[in-house]
Novice: 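Pasting a structure here, questions to come.
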Amino acid sequence: MSSPETLLELRNVTHGYHMRAGATLKIIENLNIQVGYGEFLGIVGPSGCGKSTILRIMAGLIKPLSGTVIFRGEVLTGTTPRISLMHQTPPLLPWLTVGENVYLALISRSDLTEEEKRLKASQLIELVDLAGYESAYPHELSGGMKQRVALARALVTDPDLLLLDEPFSNLDPLTSLSLSREIEYMWLESTLPPISVVMVSHNIEEVVMLSDRIIVLGGRPARILAEVPIEMGRPRNKKSEEFYRLVDEVFSLIS
Amino acid sequence: MLGEIIAAVTLSWARITVALAISALAAVIIGIYSGISRRVDRVVIPVLDILQSVPILGFFPVAVYYLANAVPLLGYELASIFLIFTCTFWNLAFSVYEGARSIPQSLVEVAELSKLSMRDKLRKIYIPAIFPGLVDQLPASLANAFYFLAASEVITLGGAQVNVLGIGALILKYQEAGNYAGIALGLVTVALSIVAVYLLVLLPLIAYSDKYRFDIIQPPEVQRTPLIIGVYTRIKSIHAPLGVKSKRLAGLAHRINLIQMVNTRYMRSDIRRLLFVIVMIGLLIFLGPRIYASIDDAWAAVVVVAEAGLRLGLISVGEALAYSFLRVLVCLALMTALTLPLVFIITEKPHIKSALLPAFQIVAALPSPLIFPLISRLFEAGALPREFGAILLMALGSFWYVFYSALGGFSHVHTEYLELAKMYNLSSFKRLRYIYLPFATPSLVTGLITASGGAWNTLIIAERLGQGGRIFEVYSPGLGKLMSTLAELADIPALVLTVIAMTIVVLLVNRLLWRSLYDYSIRALRIHE
């Protein structure tokens, strides 16, 4: 079913948790999502609707109760360095330096030499504008810088797909704007990872700002309420009429 | 035989209940007071810290001696209640203290704005704030209480075997009579009674206390496991003795105090203070003559204790201390080496966790002194080397502190970090090294501090196990051995001296070794919160 342009696909995915009495609390049911090659997909929905769970299923971190995840034409059975997840609050290990934190993503790779790993780590740190901070510890960094470290760590594995779980929600507006510009740049730049991005958020503006297409989720268990293509040129202007219209449209779909 | 066992178990529980109730009540009062008043806080917390370092079992012969003389019939009962009180009070008091201090400033301000009376503040703010912490400590306190109660019945201290009806004494009697069926039946009955108390008392309490928990987000997996597992997975590490959390909250207590000063209900607090003074005066009148007599004797007592020190010789006391210190360290090292892989496996494999933890809970709650008669049997048969046996006996009294603090530390690692480990395909060793161990270190060190206290406390049994007239002691010197011998000789001054020596050493070890280890680990791990 998946077209050659599909990078990742969720097929009839249902997930939930077992309750005490043997019943299952379904969070998502029969979900079908395709992530196109080179696509920036936004997923919005009210909080608690299972957005983060969907990302974790895409990352291979959670095995859904039923349904399959197809990545590059093959069934995804677990995590892979080709798919990276960036968390809402960047889980940086406080006892490791910025450099070591980024290096951690490569530590178990046997296809790279020690030298290559170090080089890649410092390249990525430079790419996210943290050159010179290699030996700093996370607690010495601002929230935005921590998120940049997490971005470097997510990209150091050269992923095809970058999954973003509310990446800007803990940042001030200015920082989140510059970070979103940076992510957009890396995604647009064909020589840099990632190829496609899936971003989950409840901030409609930032999703409209970045996405090619927005999936609106709702209900319990969550299902797709609507799909909104965003055919606006980049970089997008937050003050344009079209932007307002799209934000309004998505907003009315959620509420 | 069964009737006898049930009667003994019931009596043991009755002692525990009374003592634990007194202990909890005192903990709530003192804990809340020190939590909300900076002046009280400054005095009470260091005093509690010192008192909790006193090796309780070492104190027991002294307590029994005095209480049995002072109150002929109830002497032993009072002594055992005193013993249980001293071994359960500290963690309860510290958890209440932590709870009272963790009340957010905004909540205190709301209380002030809505002019709540002291009674309403207690009901609506303080009790809810301390309740979950207090309930979380109860299983540990209960296990502790049963441990010391059984120890007091099973071991011989101060020459005369205490002749009371209790399950420990009964099992010892069975062992002497070679009645192993009786021992087994007794142990099973105790285990069943503990399970019953867990299910009928503790679990409902914990379920009820969930109402007041705001900070705990249960990962979805926990819902799949039976309820009983929740009991220990939620045990929080006790950071209070180290004052770690307090820094963040240091300003709070002061502010609350200021608010109290300007409170319009100041007059009523005066009445409370007056009541307090009246009670104190009453106590003084009641105890006055005794204290007066004691003061008269005090100087003489100091002289006697000092003389005892000269008599024992500082070098021999020092030597005994050194040997005991070594034993405690070896014991802690062995327990840590055993715990880490075990806890690692348990944490990573939820199904093993759900299978093992309930069993562990029951075993952990079983008072280990009940199997001392069996261990002494092994000594007798020559199947257990004395030195190793001493370490085993110490471990029986302190293993679970290490285990549960490590387990708590491991299972509190946030899911995001475990997702990282999964995404980056970290090997078991790397997961342990980069994620679990660093996160668990503060909790583990806290557990080791408690375990170290437990091990010192058990020394008096571990180095010289006396049962029903037979004595099994280590060949090399040891402070516990020395204390036990002195207790048997009823050499109270020398015993007091050794208790003081042990307290000082435990305090020094806590301050110099453990505290700096804790601070170092916090610094090295750069945990800033």
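Nothing here was measured: the structure is a model prediction, and the numbers come from that model. A, B, ... follow the sequence lines: proteins, then strands. Residue 1 opens every chain.
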Novice: Answer with side chain, backbone, both or neither: which region of Leu85(A) has an atom nearer than 4.5 Å to a non-hydrogen atom of chain B?
Specialist: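 It is both, since atoms from each part get that close.
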Novice: Could you please state which residues from residues 112-135 of chain A sit under 4.5 angstrom from chain B, measuring non-hydrogen atom to non-hydrogen atom, sorted by number, or 'none'?
Specialist: none
Novice: Heavy-atom distances under 4.5 Å only: say whether Arg153(A) touches chain B with side chain, backbone, both or neither.
Specialist: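 Both parts, backbone and side chain.
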Novice: Which atoms form the tightest heavy-atom contact between Ser108(A) and Ser427(B), and what is the distance?
Specialist: OG-N, 4.1 Å
Novice: Are there over 12 heavy-atom neighbours, none belonging to Arg223(A), within less than 6.0 Å of that residue's CZ?
Specialist: no
Novice: Does Glu189(A) CD have over 12 foreign heavy atoms under 6.0 Å away?
Specialist: yes
Novice: Is it true that a side-chain atom of Tyr417(B) and a backbone atom of Leu92(A) form a donor plus acceptor pair closer than 3.5 Å?
Specialist: yes
Novice: Find the distance between CD1 (Ile107(A)) and OH (Tyr424(B)) and round it off to the nearest 0.5 Å.
Specialist: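 Interatomic distance, Ile107(A) CD1 to Tyr424(B) OH, rounded to 0.5 Å: 12.0 Å.
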Novice: Once you round to the nearest 0.5 Å, how far does OG1 of Thr415(B) lie from NE2 of His87(A)?
Specialist: 8.5 Å
Novice: Less than 4.5 Å to any heavy atom of chain A: does that hold for the side chain of Lys422(B), its backbone, both, or neither?
Specialist: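 When you check distances to chain A, atoms from both the backbone and side chain of Lys422(B) fall under 4.5 Å.
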Novice: To the nearest 0.5 Å, how far apart are CH2 in Trp95(A) and CG in Leu437(B)?
Specialist: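 Between Trp95(A) CH2 and Leu437(B) CG, I get 9.5 Å after rounding to 0.5 Å.
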Novice: Under the side-chain contact (heavy atoms from CB on, under 4.5 Å) criterion, do Ser84(A) and Met423(B) qualify, and how do the steps go?
Specialist: CA-CA 8 Å; Ser84(A) 273; Met423(B) 280 196 292; 5.6 Å; no
Novice: What are the two closest non-hydrogen atoms of Pro91(A) and Leu420(B), and how far apart are they?
Specialist: O-CD1, 3.2 Å
Novice: Can you tell which part of Ile435(B) gets under 4.5 Å to a heavy atom of chain A, answering side chain, backbone, both or neither?
Specialist: both
Novice: At a heavy-atom distance under 4.5 Å, which candidate from Lys430(B), Glu419(B), His414(B) has the highest pair count against chain A?
Specialist: Glu419(B)
Novice: Give, for atom CG of Leu61(A) and atom CG of Leu418(B), the distance between the pair rounded to the nearest 0.5 Å.
Specialist: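 Output value for this atom pair is 10.5 Å.
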